[in-house]
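To keep things clear, I will list the structure first and then write my remarks on it.
Numbered from 1 within each chain, the chains take letters A, B, ... in sequence-line order.
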2 protein chains.
Amino acid sequence: MAQRAGAGRRAPLNRDRVLRAAVARADETGIESLSMRKLAKELGVVPMALYKHVASKEELLDGMVDAVIGEIDPPVPGAGWRTAVRQRVLSARQVLLRHPWASRVIETRTNRTSVVLGYMDSMTGTFLAGGFSADLTHHVMHALGNRMWGFTRELFDDGQGGGPDPPPAAFDEMAKRYPHIVEIAMAATRGDLSAVGPGCDEQFEFEFALDLLLDGFERLRDRGWTSRRDHDHAAAVPAPEQGA
Amino acid sequence: MAQRAGAGRRAPLNRDRVLRAAVARADETGIESLSMRKLAKELGVVPMALYKHVASKEELLDGMVDAVIGEIDPPVPGAGWRTAVRQRVLSARQVLLRHPWASRVIETRTNRTSVVLGYMDSMTGTFLAGGFSADLTHHVMHALGNRMWGFTRELFDDGQGGGPDPPPAAFDEMAKRYPHIVEIAMAATRGDLSAVGPGCDEQFEFEFALDLLLDGFERLRDRGWTSRRDHDHAAAVPAPEQGA
DNA sequence: ACCTGAACACCGTTCAAGT
DNA sequence: ACCTGAACACCGTTCAAGT
């Protein structure tokens, strides 16, 4: 009792508690509204107390990303490389969907923490174990890019929620100015343009692009592709197009 | 003379001059240091004067992105779809290299301006004209994603400049903790680990991934791919892997 | 009607003064 | 030696007071 009285009215702060509180706050109110001062207030401490556990806001963000990456499932043990990569990336995607702020923050990280490097090393190892050369694995990791974290910045999405339907009067204007976009939107929604906002199945789009890449990776591996061959003018497959 | 005296010591401000100054400042000193107040000072006006021409800082950023997109070459007229897409995306990449802040800003844009929509519409039209179905074009645009602006957030790069070499003492530690990363880094630099910082040929990596995607797009088009076939469980090509 | 200085409600972080 | 209140040097934007 006397022991606890001296420690104040809360459990003593540590780095983990700071990071967990930061993640929870970002999940609830968004990353834009997360400030050191507000986080300190929520934890019942003075702002400067946080700087005992994180050197700066940048390091706080690094730590938050680490916490999120820690939620990604480990690679499934018995599976082949393709299943292992696919499952892990889709697991990462589920994690990122729980923390909508995280993709934006990951994109701004400039320091790779050991957690980030560990994840990338594990992913790299999966390709190498799957019979990919070190050369090809290198390029394949680049091509996978941020998709390895389970996201791609989407060009069409309005953040979340879809928002209100566009006024039907604007349709003619849209169709005139952006005929091709309207054409593919019509195809995607089977003509139901009120669904054009939330119309895209993001999960499908993600898997479509992922599988396209995995197919390409597999094909290059089976072909014994190497970057030495045509490093100068073309990359994967020159494949001259017909017509003009 | 009397006419000019009333207008003050500078040409009258307009939206275009504001945007050009903002782009120039971001090019020189980085996007982080671009504030409404500093921009106003540089233009010799009071901060609030900017709000006559842009409604908010967000709209300023939208306008800056528009200005950058305006620098991208128009599609080459006579070429086939693949050349047209490839050239345009590589042109976008050159533009983005001139404005290193732009990729980061594009990623945070939530409103699509008419300039952004116009570019996407033009790109969409290139696929449609190339014999892609509206259905396939839709998914292909998603798969292309941010690469259509000529960038991918890179996982390995330290911002720009490479930085100082890591101390050689850290190598053993690296090799122990991240053996796979070190393996592909060795392959990429042919064993010259001092080149590991600036070692990646970003242009090659970009074209590698782009061509991988274009190959995949072409293959699906030639096959008459449609999303109706197997929308439920798999995307592009299920292709069961051998072994386990 | 137009323009703008001052003010508001914030930031991340430094630092000197307290215990 | 440890902790922290006040201060510093900023933000984007509102708004009332000036012309």
Rounded to whole Å, NZ of Lys38(A) lies from P of dA9(C) at a distance of 14 Å

Separation between the P atoms of dA9(D) and dA9(C), rounded to whole Å: 22 Å

Here the distance between atom P of dC11(C) and atom CD of Glu32(A), to the nearest Å, is 13 Å

Original post:
Side-chain donor-acceptor pair under 3.5 Å between Thr126(A) and Arg88(A), yes or no?
Top reply: no

Rounded to whole Å, the NE2-C1' distance (His53(B) to dC2(C)) equals 13 Å

Does the pair Glu207(B)/Arg93(B) count as a salt bridge with the N-to-O cut at 4.0 Å? no

In whole angstroms, the gap separating P of dG5(D) from CG of Leu50(A) amounts to 13 Å

Side-chain atoms of Ser56(A) come closest, of dT13(C), dT13(D), dT4(C), to dT13(C)

Atom CE of Met48(B) and atom C1' of dC2(C) are separated, to the nearest Å, by 13 Å

Original post:
When you compare dC8(C) with dG18(D), how far apart are their P atoms, in angstrom units rounded to a whole number?
Top reply: 16 Å

Comparing Arg37(A) with Lys52(A), nearest DNA chain D nucleotide closer to 5' gives the residue Lys52(A)

To the nearest angstrom, the OH-C1' distance between Tyr51(A) and dC2(D) comes to 19 Å

Using Watson-Crick geometry (N1-N3 plus N6-O4 or O6-N4) or G-U wobble (N1-O2, O6-N3), each under 3.5 Å, dC10(D) is paired with none

pair_partner(dC15(D)), Watson-Crick or wobble, both distances < 3.5 Å, evaluates to dG5(C)

Here the distance between atom C1' of dA9(D) and atom NZ of Lys41(B), to the nearest Å, is 12 Å

Separation of dC11(C) atom P from Leu39(A) atom CG, nearest Å, is 11 Å

Open item on the list: For Arg109(A), is there an ion pair with Asp62(A) - N to carboxylate O distance below 4.0 angstrom?
Closed with: yes

- His139(A) vs Phe208(B) aromatic rings, parallel, tilted or perpendicular, using cut-offs 30° and 60°? tilted

